[in-house]
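What follows is one structure encoded as structure tokens, with my remarks underneath.
The structure presented is a predicted model; accordingly, all values stated were derived computationally and were not measured.
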Amino acid sequence: MKDLKDLLPVEAVRLDVRAADWRAAIAVAGRLMVETGVTTEEYTREMVANVEENGPYIVIAPGVAFAHSRPSPAVLTTGMSWARLAEPVEFGHESNDPVTLVVALAAQDSAAHTSAMGALARLLGDPATAAALATAPTPEALHAVLAGERAESGPEAPEPPASAEPLATAGPSASAESSATAPSSAAPEPSSFPEPSPDSSPEASAAEPRAVSLHKILTVCGNGVGTSLFLKNTLEQVLDRWGWSRFVTVEATDTISAKGKASEAVALFTSREIARTLGDVGRPVKVVQDFTSTAEVDSVLRDTYDV
């Protein structure tokens, strides 16, 4: 599995480039992948079409767009590019515009770049590292920050619940909004263990009382290979901090697959644009505005489990 510095070579980094609009900004990032042999020019058109069809959900954090499309013949090898803009550009996102950074991904499948997505999510989610990336004077200096991954844990994440066990169920009603209030400090009662899923047999419950308690949360984007992986990694960081990783699994998926898999999940985490596309799937749909913010994801997770 390739790491971030392998997928994003220094030749694929451009700083302080000018773009007239969001299409031109994506084109800059796409051209870098063409020049480094990652894609053909058709893939740049596919990235633009993705936004035209699904909206600006690729703006995953304030000022940051993560341009990508589905795996296709236009992807020659898995790779990335980094285009820092000289002037901010509007993508049409309700809360994260304007964009000053476009990171582009071309993936041959959904597996080869998962480690790199985790590294990038941690780097962009750390305020000190994000500031270093925003002010790096040269592509070489920026690449050194990316390769170093020396981000220290920032102070933004709240303390986890005192209990290491999730509640039995998420809220019963589907919602396309995350909680607007600050995370509660209340913790689940120690006796509030996850319950077996409805389709678990009594025999399985008796033999493996903890194994059948596993919950699933889906992180959803248009294609299942880009922004959903970003959100998955941030959510897993929060679950690790809470000590809930043994009980809650996270799966990144696309909008079409998510509708079929929703019944397996306790909740779906996604952007506002994708939440509108999903509609009512019979499970709570939770909106996350900043996919790199462990504090926001912590709040949404608390809202999901009412803790």
Side-chain angles (χ1 to χ4, degrees), residues 57 60 110 114 117-118 121-122 125 157-158 160-161 163-179 183-184 187-188 192-200 210-275 277-307:
Y57 78 93
I60 59 171
S110 61
T114 54
M117 292 300 95
R122 290 189 296 272
S163 169
E165 309 284 353
L167 293 175
T169 57
S173 61
S175 170
E177 301 293 335
S178 62
S179 173
S184 169
S192 300
F193 299 141
E195 293 182 352
S197 57
D199 58 349
S200 298
R210 307 311 296 249
V212 295
S213 298
L214 207 62
H215 288 188
K216 178 188 287 186
I217 294 176
L218 300 178
T219 58
V220 188
C221 72
N223 302 298
V225 298
T227 58
S228 59
L229 282 173
F230 243 95
L231 183 53
K232 175 180 185 289
N233 280 288
T234 305
L235 175 55
E236 287 176 338
Q237 289 181 58
V238 175
L239 290 169
D240 286 344
R241 187 172 292 144
W242 284 21
W244 282 21
S245 296
R246 294 176 296 161
F247 308 107
V248 183
T249 62
V250 186
E251 179 181 344
T253 190
D254 62 276
T255 50
I256 296 174
S257 300
K259 292 179 180 180
K261 296 177 178 179
S263 62
E264 306 169 6
V266 296
L268 292 77
F269 286 20
T270 189
S271 66
R272 191 179 305 278
E273 293 80 10
I274 296 299
T277 299
L278 286 172
D280 184 0
V281 293
R283 290 291 188 271
V285 178
K286 301 291 185 177
V287 167
V288 178
Q289 300 286 6
D290 184 349
F291 283 19
T292 68
S293 172
T294 54
E296 182 179 355
V297 172
D298 181 288
S299 177
V300 174
L301 190 62
R302 289 175 185 271
D303 180 66
T304 300
Y305 282 97
D306 194 23
V307 296

For the pair Trp244 and Tyr305, name the ring-plane relationship: parallel under 30°, tilted 30 to 60°, perpendicular over 60°. perpendicular
Run the side-chain hydrogen bond (donor to acceptor under 3.5 Å, both in side chains) test against Glu251 and tell me which residues pass, sequence neighbours left out. Lys216, Lys261
Sidechain-backbone polar pair: [X] side chain, [Y] backbone, donor-acceptor under 3.5 Å:
X: Asn233; Y: Leu229; value: yes
X: Thr234; Y: Phe230; value: yes
X: Ser271; Y: Gln289; value: no

Could you tell me whether the side chain of Trp242 reaches within less than 4.5 Å of the side chain of Val307, counting heavy atoms only? yes
Can you tell me how far apart [atom1] ([X]) and [atom2] ([Y]) are? Round to the nearest 0.5 Å.
X: Ser245; Y: Asp240; atom1: OG; atom2: CG; answer: 3.5 Å
X: Phe291; Y: Leu235; atom1: CZ; atom2: CG; answer: 11.0 Å
X: Thr253; Y: Leu268; atom1: OG1; atom2: CG; answer: 9.0 Å
X: Leu278; Y: Glu273; atom1: CG; atom2: CD; answer: 11.5 Å
X: Asp298; Y: Arg241; atom1: CG; atom2: CZ; answer: 8.0 Å

Mind listing the closest non-hydrogen atom pair of [X] and [Y] along with its distance?
X: Leu231; Y: Val297; answer: CD1-CG2, 4.0 Å
X: Glu296; Y: Asp290; answer: OE1-N, 2.9 Å
X: Leu218; Y: Ala258; answer: CD1-O, 4.1 Å
X: Asp254; Y: Gly222; answer: CB-O, 3.6 Å

Take Arg283 and Val266 through the test side chain to side chain contact (heavy atoms under 4.5 Å, CB included) and record every step on the way to the result. CA-CA 7 Å; Arg283 290 291 188 271; Val266 296; 6.0 Å; no
If you apply the rule side chain to side chain contact (heavy atoms under 4.5 Å, CB included), what do you find for Ser228 with Thr219, and how did you get there? CA-CA 5 Å; Ser228 59; Thr219 58; 4.0 Å; yes
Side chain to side chain contact (heavy atoms under 4.5 Å, CB included) between Val288 and Lys286, worked out: CA-CA 7 Å; Val288 178; Lys286 301 291 185 177; 5.6 Å; no
Report the C-alpha separation of Leu301 and Phe269 in whole Å, then their side-chain angles, then the decisive distance to 0.1 Å, and conclude whether the side chain to side chain contact (heavy atoms under 4.5 Å, CB included) test is met. CA-CA 9 Å; Leu301 190 62; Phe269 286 20; 4.2 Å; yes
